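Quick notes on the structure that follows.
Just so we're on the same page: letters track the sequence lines, and every chain starts at 1. Note that the structure is predicted; figures quoted are calculated from it, not measured.
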There are 2 protein chains.
Amino acid sequence: METERTSLKLQDQLCFPLYTASRLVTQCYAPILNTLGITYPQYLVLLVLWENDAVNLSFIADRLQLQSNTLTPLLKRMQELGLITRTRSETDERNIIIALTTNGKTLRQEAANIPQYLADKLPLSAEEARQLYHILYKLIGNV
Amino acid sequence: METERTSLKLQDQLCFPLYTASRLVTQCYAPILNTLGITYPQYLVLLVLWENDAVNLSFIADRLQLQSNTLTPLLKRMQELGLITRTRSETDERNIIIALTTNGKTLRQEAANIPQYLADKLPLSAEEARQLYHILYKLIGNV
DNA sequence: TATATTTGTATCGTGAGCGATATAATCGTT
DNA sequence: AACGATTATATCGCTCACGATACAAATATA
């Protein structure tokens, strides 16, 4: 109903369950990511690098929809953890090349079971997960 | 497919569009909330108080699924903005009663158009919004 | 009525997010 | 070659989130 999308009741807001679900799902990752010594945003960076190693910051920024003011300190912490290296490109010194260390690459095997671990934790059917995925990407693509 | 929920590809993760959609939708609120001089989490607190004024911190914590370590400083900032008062309960001094000021109450009228403003911004059909809402609450309720 | 437990809130430290702005390297245009 | 525009990243300041912990008030139990 139209009133449900335009009232000021908390229960009628779509944004609130989105905000809350995002936080709660992130918290679901915490136990297993803690065993790897990383945070959820750091895990996302690793997902990018496991697919495309040795990319510049902008590449990661584009894939994760994050900006340099978020990524620069985040990547510095990952460097301190020994997961990545940060090297200025020789061909274009504006670029900083982010590459996995041996540790960062090795972590991929330890992370292999994380998606299944989470799929088991979330109380969604395959069909609901598919619907949610579809709607969220529609949201992201056009907002 | 099962592999889609259990691979380490960024595109196969359900958590990532959830995390991103949440951030992007919050960013959608920023322009209109800026005109009111408040942030998105502060807006959520106001939604609670506009429905139930003069409640303790735990009530807000329960409704928003946030903890005191998040809410205490957030509420202090809202007090400094002149939106709420924070008063110790006389019957039980452990409780701190959060109540709207006149300013806080007045803001409700200025916020009345926010839900419609956002519904127009989000590229979802009524049916998609309903589905999303339903799935997200299922997620929140059981995680 | 002491004392242990529970409850409600606050404090501390760390890591995001993000608007605004800065800076240096590169590119385009003249 | 000079210089303005663009690009890539970094810095600053502020506001969340949240785990861990502290602390006082209230309650339960001995």
Side-chain angles (χ1 to χ4, degrees), chain A residues 15-16 19-31 33-35 37-45 55-62 64-81 83-84 86-98 143, chain B residues 15-16 19-35 37-45 55-81 83-84 86-98 143:
Chain A
C15 63
F16 172 63
Y19 158 84
T20 303
S22 175
R23 287 193 301 110
L24 294 185
V25 169
T26 299
Q27 287 177 40
C28 280
Y29 278 90
L33 292 182
N34 277 345
T35 67
I38 59 176
T39 65
Y40 178 70
Q42 292 171 8
Y43 171 67
L44 292 181
V45 169
V55 296
N56 62 2
L57 184 144
S58 296
F59 182 87
I60 300 172
D62 187 58
L64 300 184
Q65 304 263 46
L66 291 169
Q67 297 162 354
S68 67
N69 50 5
T70 298
L71 281 175
T72 295
L74 196 158
L75 293 171
K76 283 185 179 175
R77 284 188 287 269
M78 292 181 74
Q79 184 181 31
E80 286 170 15
L81 290 172
L83 298 173
I84 60 166
R86 295 165 66 252
T87 323
R88 286 284 164 188
S89 165
E90 291 188 1
T91 57
D92 186 340
E93 290 197 2
R94 291 172 302 181
N95 287 269
I96 190 156
I97 307 299
I98 312 297
V143 166
Chain B
C15 64
F16 172 64
Y19 158 84
T20 303
S22 175
R23 288 193 302 109
L24 295 185
V25 169
T26 299
Q27 287 178 38
C28 280
Y29 278 90
I32 196 161
L33 293 182
N34 278 345
T35 67
I38 58 176
T39 66
Y40 178 70
Q42 291 170 9
Y43 172 67
L44 292 182
V45 169
V55 296
N56 63 1
L57 184 143
S58 295
F59 181 88
I60 300 173
D62 187 58
R63 294 273 280 153
L64 299 184
Q65 303 265 41
L66 291 168
Q67 297 161 355
S68 66
N69 50 4
T70 298
L71 281 176
T72 296
L74 197 158
L75 293 171
K76 283 184 180 176
R77 283 187 289 269
M78 293 181 73
Q79 183 181 31
E80 285 170 18
L81 290 172
L83 298 172
I84 61 166
R86 296 167 64 251
T87 322
R88 285 284 163 187
S89 165
E90 292 188 359
T91 57
D92 186 340
E93 289 197 2
R94 291 172 302 181
N95 286 270
I96 188 156
I97 306 299
I98 313 296
V143 167

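- Distance Ile98(A) CD1 to dA8(D) P: 14 Å, rounded to the nearest Å.
- Proximity of residues 88-96 of chain B to DNA chain C (heavy atom under 4.0 angstrom from any strand atom) is restricted to Arg88(B), Arg94(B), Asn95(B), Ile96(B).
- Checking each of Ile84(A), Ile38(A), Leu74(A) against Val45(A) for a side chain to side chain contact (heavy atoms under 4.5 Å, CB included) leaves exactly one that passes, namely Leu74(A).
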Using distance only, find each side-chain donor-acceptor pair of residues 19-28 of chain A under 3.5 Å and give its atom names and separation, not counting sequence neighbours.
{"residue": "Thr20(A)", "atom": "OG1", "partner": "Phe16(A)", "partner atom": "O", "Å": "2.9"}
{"residue": "Arg23(A)", "atom": "NH1", "partner": "Gln65(B)", "partner atom": "O", "Å": "3.2"}
{"residue": "Arg23(A)", "atom": "NH2", "partner": "Leu64(B)", "partner atom": "O", "Å": "3.1"}
{"residue": "Arg23(A)", "atom": "NH2", "partner": "Gln65(B)", "partner atom": "O", "Å": "2.9"}
{"residue": "Thr26(A)", "atom": "OG1", "partner": "Ser22(A)", "partner atom": "O", "Å": "2.9"}

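- Regarding Ile60(B), its CD1 atom lies at a distance of 13 Å from the C1' atom of dG8(C), rounded to whole Å.
- Listed by chain and residue number, Ser89(B) satisfy the side chain to side chain donor-acceptor pair (under 3.5 Å) test with Thr91(B) (two or more places apart in sequence, or in another chain).
- Residues forming a salt bridge (Lys or Arg N to Asp or Glu O under 4.0 Å) with Asp92(A) (at least two apart in sequence, or on another chain): Arg94(A).
- Every pair passing side-chain hydrogen bond (donor to acceptor under 3.5 Å, both in side chains) that includes a residue from residues 72-81 of chain B is listed here, sequence neighbours excluded: Gln79(B)-Arg86(B).
- Distances from the side chain of Thr72(A) to the nucleotides dT9(C), dA8(D), dT11(D) place dT11(D) closest.
- Within the 3.5 Å criterion, the main-chain N or O of Phe59(B) finds a donor-acceptor partner in the side chain of Asn56(B).
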**Request:** Classify every nucleotide of nucleotides 12-21 of chain C by which part a protein heavy atom approaches to under 4.0 Å, writing B for the base, S for the sugar-phosphate alone and - for neither, in 5'-to-3' order.
**Result:** B--SSBBBB-
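- In this model, the phosphate group of dT11(C) is approached by a side-chain N or O of Lys76(B) to a distance below 4.0 Å at OP1 or OP2.
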